[in-house]
4 protein chains.
Amino acid sequence: MRAAVAGASGYAGGELLRLLLGHPRLEIGALTAASSAGSPLGAHQPQLPALAGRIIEDTTPETLAGHDVVFLALPHGHSAAIAARLGDETLVVDCGADHRLADAAAWQEFYGGEHAGTWPYGLPELPGQREVLKGARRIAVPGCYPTSVLLALTPAFAAGLAEPDVVVVAASGTSGAGKSLKPNLLGSEVIGSVSAYGAGGVHRHTPEMEQGLSAAAGVPVRVSFTPTLAPMSRGILATCTAPAAPGLTGAALREAYEEALRAEPFVTLLPEGVWPATAMTYGANTAALQVALDERAGRVLAVIAIDNLTKGTAGGAIQSANLALGLPEELGLPTNGVAP
Amino acid sequence: MRAAVAGASGYAGGELLRLLLGHPRLEIGALTAASSAGSPLGAHQPQLPALAGRIIEDTTPETLAGHDVVFLALPHGHSAAIAARLGDETLVVDCGADHRLADAAAWQEFYGGEHAGTWPYGLPELPGQREVLKGARRIAVPGCYPTSVLLALTPAFAAGLAEPDVVVVAASGTSGAGKSLKPNLLGSEVIGSVSAYGAGGVHRHTPEMEQGLSAAAGVPVRVSFTPTLAPMSRGILATCTAPAAPGLTGAALREAYEEALRAEPFVTLLPEGVWPATAMTYGANTAALQVALDERAGRVLAVIAIDNLTKGTAGGAIQSANLALGLPEELGLPTNGVAP
Amino acid sequence: MRAAVAGASGYAGGELLRLLLGHPRLEIGALTAASSAGSPLGAHQPQLPALAGRIIEDTTPETLAGHDVVFLALPHGHSAAIAARLGDETLVVDCGADHRLADAAAWQEFYGGEHAGTWPYGLPELPGQREVLKGARRIAVPGCYPTSVLLALTPAFAAGLAEPDVVVVAASGTSGAGKSLKPNLLGSEVIGSVSAYGAGGVHRHTPEMEQGLSAAAGVPVRVSFTPTLAPMSRGILATCTAPAAPGLTGAALREAYEEALRAEPFVTLLPEGVWPATAMTYGANTAALQVALDERAGRVLAVIAIDNLTKGTAGGAIQSANLALGLPEELGLPTNGVAP
Amino acid sequence: MRAAVAGASGYAGGELLRLLLGHPRLEIGALTAASSAGSPLGAHQPQLPALAGRIIEDTTPETLAGHDVVFLALPHGHSAAIAARLGDETLVVDCGADHRLADAAAWQEFYGGEHAGTWPYGLPELPGQREVLKGARRIAVPGCYPTSVLLALTPAFAAGLAEPDVVVVAASGTSGAGKSLKPNLLGSEVIGSVSAYGAGGVHRHTPEMEQGLSAAAGVPVRVSFTPTLAPMSRGILATCTAPAAPGLTGAALREAYEEALRAEPFVTLLPEGVWPATAMTYGANTAALQVALDERAGRVLAVIAIDNLTKGTAGGAIQSANLALGLPEELGLPTNGVAP
């Protein structure tokens, strides 16, 4: 099967290509981009010598046509038009935000403009979601932060162990912001510094977290979300907390997580007392998770580490695509990280 | 006036010396340490060429005697015995934890062993605390995390704008852990990684935060505290949130902070919409603070950046010592950071 | 075929295991170590969830017996005794220094103690070395710095284009120093700082570089080598320069390198004008190389990037082992890096 | 005396302001810039709360008029016209490259365009240079790399201990490239990576090094210079080597450096065996230097660390300005670094 990657010169595109190069069933077809079209991929992704000489094409329905799967790593607002031209027989996997939200009003509030519609949500670990993804032809890949938060708290909410007043503080590596030429993303600004941004209820990933957690809880969940930028290129560490349900014990909490995660190929519940580090997941499609009951504060605490580009974007996209294409879910996805 | 520094070969000791070298009224007297006694300071603090040839002495009451002020940067458990030998005429400023807590049971629970007693708490920005510190002869310097959290949330609790269910997630640079030879502090482990540690209600700074916030609130405050280690050598970014009091508006919240911080020489309330970065305070005795009402989640959000070694330890110690010695509070303390 | 790894809890051991997990023909057998024997691998290599529950055994001839290949990632001085007990039918690949040098006097000068003898040198890219390695049962894996320098300068010396007065300055990530608890390797010390060490002709990799370059040149080559420690966990960037042979042109120099590297699967000569970055090779068994004639200074300049743990240690070890075992040289070795 | 800073929103400008805020005799006057004119300084230099509300003016002769000293931190090509309008009574200190080179042909070759003329070179540590700078009204601040290299090798060449075939490899923090929005300066690109750039004889600082070393040696000196970018925001570590003069001993070499540096307030010759780290000089106007004779390779090796923004730019500028203004050379310049 042949896969095209639109947005091949960016960070998500590069990670898609790295993973596809190791995928035994997906062959790399067209590589496309906008401003870098016409240049060799090696000028943008020098870490991929196998593709160094491939010339990037323009992102158009024509260049993307004729593939079994098309991965879109584009700014938001572009995927609906392209997907409409690709036909229903092509699997379109959108790494952007366009089709993640079911609530058009939330889309309007956080993104502005017209809502492009909702696609199957590409997080197979959510209850029942694998069945949804099998055979799907459109997939909305979750945002990197929501991936981490939904993996961390869904087991608690699905089991009724937490109350819906969630606080999340997450640290992200700089690649989460893409290859944008913004002053605050310069190396001189981010090295040696941790900073908050998009805080106070305005970050666009907030309604996506609330959507997923509310579905698990069966009641509306509100999330206070503060993202921070850390001096590393990859990784998300999300600290997620919610009031404990009355009578919850630490043992019951751990048991619920063990039960929920027992069969998950990519999510590891760490041994008790070991807390996650993003280095545990560097370059791998994995999540490292720990959960505890803070009895003093009366809160469930779940901390999770993922690689924002792998499980948080490109790896998650391929994992869902595997399901949609009828392939083994784990095919071609690294589970062992690059450390130290 | 002459100042001695015990623990001169460590990170807090080095920062004390850097600041004392620029202090117009405090002359550096004895430099002492434990295992590094007998070696030149330059072997441990090569960034301080002015003191490179000074030989480190043993930390004993004798070597520390005869100074106007003695700064103790020692592991916990050592300061009470030394202070007892120094006499009441010497100002003793303890950068360790021994005398911060008023509650002996909390000490017992979090530190173990016998409680050494309570000294005046060296955070002049707390309501009424400057009067307490003027003329004091014993000072307990706050922990670095509590410094950040108390500066961030005291204005809200003192004004009755928040409810006592606090969640704090803080990122710290590695120097907060001291010069300890632990595998998890190796450069290879911390570079490129953010990790959680001491989470779930067990970190020793938790009761200290609760003590300070409860005093401000007039009711018991519980804190869910998660510290994380970030790949930088200095800095704390603390994200602090609590449920908003009923009817609170964003304007009232900001006004309360502006009022509370107007006269503070070291705490800056950033312009609206600008969130703190630790780089804003690198090497300076300052705090950079932002506060907002997250109306969606119904929570007060305060984010603060400090340098854990400066305002969080050595600078805060000198600030309190200035007050105790009858000097201008700001004397010798840098307010301009080293950036980028 | 089954592979054992001695030194499994260290950085080289972890990288060997990561690569072996992806190797289609080598199955992981015994994992051994010294002080960490008895603990689960997950406590030391949390990035490898597939092996988290495996218990580390003691490093003894008995635990290492019965494998087709044994990788030794041990401090120097241990490999000869172990190899003697494993028998000639076992391939022993020593990632340590014991058997790299042919000159016992150089060993004595730089390492001290008795020379353990010389094994086939595991750098297949050296002229004629593939033939040496095919069927070998003992392999000395090159040092990480010599790997980079020999790859960078051998084409020039082998073609007679440079004179034997070499200057090398290399930056290494901290993992090159291993998981040693030394104060200068603490995160607080290395973050934000580049430092020189082992300079002035005393670094143990110096005679190894001279041995390899002298063999290529046919005359004795002297190397002035200065290693530096950079604030990254992985990677070597080596800047290598030597006086140009009389009459050398830039075109002839480039042509010689293109010719020498044309068939190399792991060494990329970058497009003209593009200089290497260690990020190009992160986690991959590759080298990124550029060469130029500095006409003003009259010197050949070759700059090379490798990952010190992959091509510089574990990947290079497996590459040579593949040859010795009669497998395709490239089997199981990633050529695409993890970036950004 | 009043000082204006042109280029106040950039990195060099920010460092000038940080140092001027601590200078007892220079008061900060106009702050000017190009595209950021009209905005408050706090939007660009949030680490300087004392100046947060100051509005940046346009860089024009009018806004810069009426000061005792004007510091220019501008792109090259702008200083001559401004200086011409400021009159001879104003001290103009140019942190840019325009007036560093005496050789118009070298300017033409490396910078292009017309040479703007030569100003007194602002490196007081060069032989006889203090006399040149006293009372000067125009000063060309050296480049950051040449500052490091000239401090490192001038003692050797001035004493005839080295031969004129110099090799320099230097690592710089990212702030050396300024606040430019270039893809290769993004945090995601520089974190975790060391890269070479401007190699092979084309870097603009090369002729400046050759000019200074040739003056010291009395014969033409050629420099092979390779700059590299390291994942830190500040600091230069320059490794400098040249063939040893016949018969040179290590003792004679060290003695020459001790003699040359004995009276220097800002340059520290480290104890034998201790090699420099950039952290030794972070935020200070100091240089940390080590020199050794590599007898094996027959070369003099000098390694030096400076802070590129302090001794390498802003601190060096103020040091020279102090001399020109008849102030003590050391006034207002920190000699103690911020570490760790």
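In what follows, chains are A, B, ... by sequence order, proteins preceding strands, each numbered from 1. Just so it is clear, the values below take in all heavy atoms, side chains as well, and ignore hydrogens, waters and symmetry mates.
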Residue-level interface, residues 286-301 of chain B with chain A, non-hydrogen cut-off under 4.5 Å:
L293(B), D294(B), R296(B), A297(B), R299(B), L301(B)
Residue part contacting chain B, namely of S233(A), when any heavy atom lies under 4.5 Å
neither
Portion of S188(B) that has a non-hydrogen atom of chain A nearer than 4.5 angstrom:
both
So which of A279(B), P243(B), S224(B), A196(B) has the biggest tally of heavy-atom pairs under 4.5 Å with chain A?
A196(B)
Which portion of T228(B) sits near chain A, non-hydrogen atoms under 4.5 angstrom:
side chain
For atom CD of E258(A), decide whether the heavy atoms of other residues, nucleotides or ligands shown that lie under 6.0 angstrom number more than 12.
yes
So, taking the atom named CG in N184(A) and the one named OG in S195(A), what distance separates them when rounded to the nearest 0.5 Å?
7.5 Å
Determine, step by step, whether V221(A) and M209(A) satisfy the side-chain contact (heavy atoms from CB on, under 4.5 Å) criterion, reporting the C-alpha distance in whole Å, the side-chain angles of both residues, the deciding distance to 0.1 Å, and the verdict.
CA-CA 9 Å; V221(A) 174; M209(A) 296 176 194; over 6 Å; no
Is any residue of residues 175-182 of chain B within less than 4.5 Å of chain A by heavy atoms, and which ones?
none
For G316(B), is there any backbone N or O sitting under 3.5 Å from a side-chain donor or acceptor partner on N285(B)?
yes
Criterion side-chain contact (heavy atoms from CB on, under 4.5 Å) on T310(B) and R18(B), from CA distance to verdict
CA-CA 10 Å; T310(B) 320; R18(B) 179 178 75 91; 4.1 Å; yes
Mind telling me whether W107(A) and H115(A) have parallel, tilted or perpendicular rings, with 30° and 60° as the class edges?
tilted
Judged by atom type as modelled, is there a donor-acceptor pair below 3.5 Å linking the side chain of D307(B) to the main-chain atoms of G235(B)?
no
For P227(A) and G198(A) the tightest heavy-atom approach is CD-O, 3.8 Å
With a 4.5 angstrom heavy-atom cut-off, could you sort out which part of T226(B) is near chain A: side chain, backbone, both or neither?
side chain
Under 3.5 Å, side chain of T154(B) to main-chain N/O of L151(B), donor-acceptor pair present?
no
With a 3.5 Å distance limit and no angle check, can you tell me whether T281(B) reaches the backbone of A284(B) through a side-chain donor-acceptor pair?
no
Answer with yes or no whether the side chains of E15(B) and T313(B) bring together a donor and an acceptor at under 3.5 Å.
no
Determine yes or no for a side-chain-to-main-chain donor-acceptor pair under 3.5 angstrom, with Y197(A) supplying the side chain and V274(B) the backbone.
no
Enumerate by number any residue of residues 199-208 of chain A whose heavy atoms lie under 4.5 Å from heavy atoms of chain B; in the absence of such residues, state 'none'.
A199(A), G200(A), G201(A), T206(A), P207(A)
Taking 4.5 Å as the heavy-atom cut-off, does anything in residues 161-171 of chain B contact chain A, and if so which residues?
D165(B), V167(B), V169(B), A171(B)
Can you give me the closest heavy-atom contact between M232(A) and P231(B), atom names plus distance?
CB-CG, 4.4 Å
Rounded at 0.5 Å granularity, tell me how far OH in Y11(A) sits from CG in L309(A).
9.5 Å
For a quick test of reading the model, state the closest non-hydrogen atom pair linking A152(A) to Y257(A) and the distance between them.
O-OH, 2.6 Å
Might you point out which heavy atoms bring L248(B) and A244(B) nearest each other, and give the distance in Å?
CD2-CB, 3.9 Å
Among T239(B), V223(B), T241(B), residue most engaged with chain A (heavy-atom pairs, under 4.5 Å):
T239(B)
Top residue by heavy-atom pair count (under 4.5 Å) with chain B, among L186(A), L237(A), I236(A)?
L237(A)
Give the C-alpha distance, both sets of side-chain angles, the deciding distance and a yes or no for side-chain contact (heavy atoms from CB on, under 4.5 Å) between L269(B) and R254(B).
CA-CA 9 Å; L269(B) 184 63; R254(B) 183 153 186 103; 3.7 Å; yes
Would you confirm whether S214(A), through its side chain, and P220(A), through its main-chain N or O, come within 3.5 Å as a donor-acceptor pair?
no
Given heavy-atom pairs under 4.5 angstrom as the criterion, report whether the side chain, backbone, both or neither of V303(A) touches chain B.
side chain
If you count heavy-atom pairs under 4.5 Å with chain B, which of Y282(A), F110(A), F225(A) comes out on top?
F110(A)
Give the C-alpha distance, both sets of side-chain angles, the deciding distance and a yes or no for side-chain contact (heavy atoms from CB on, under 4.5 Å) between T147(A) and K311(A).
CA-CA 8 Å; T147(A) 294; K311(A) 180 61 180 162; 4.2 Å; yes
Is a side-chain donor or acceptor of S172(B) paired with a backbone partner of L229(B) at a separation under 3.5 angstrom?
no
Taking atom CD of E210(A) and atom CG of L150(A), what is their separation to the nearest 0.5 Å?
11.0 Å
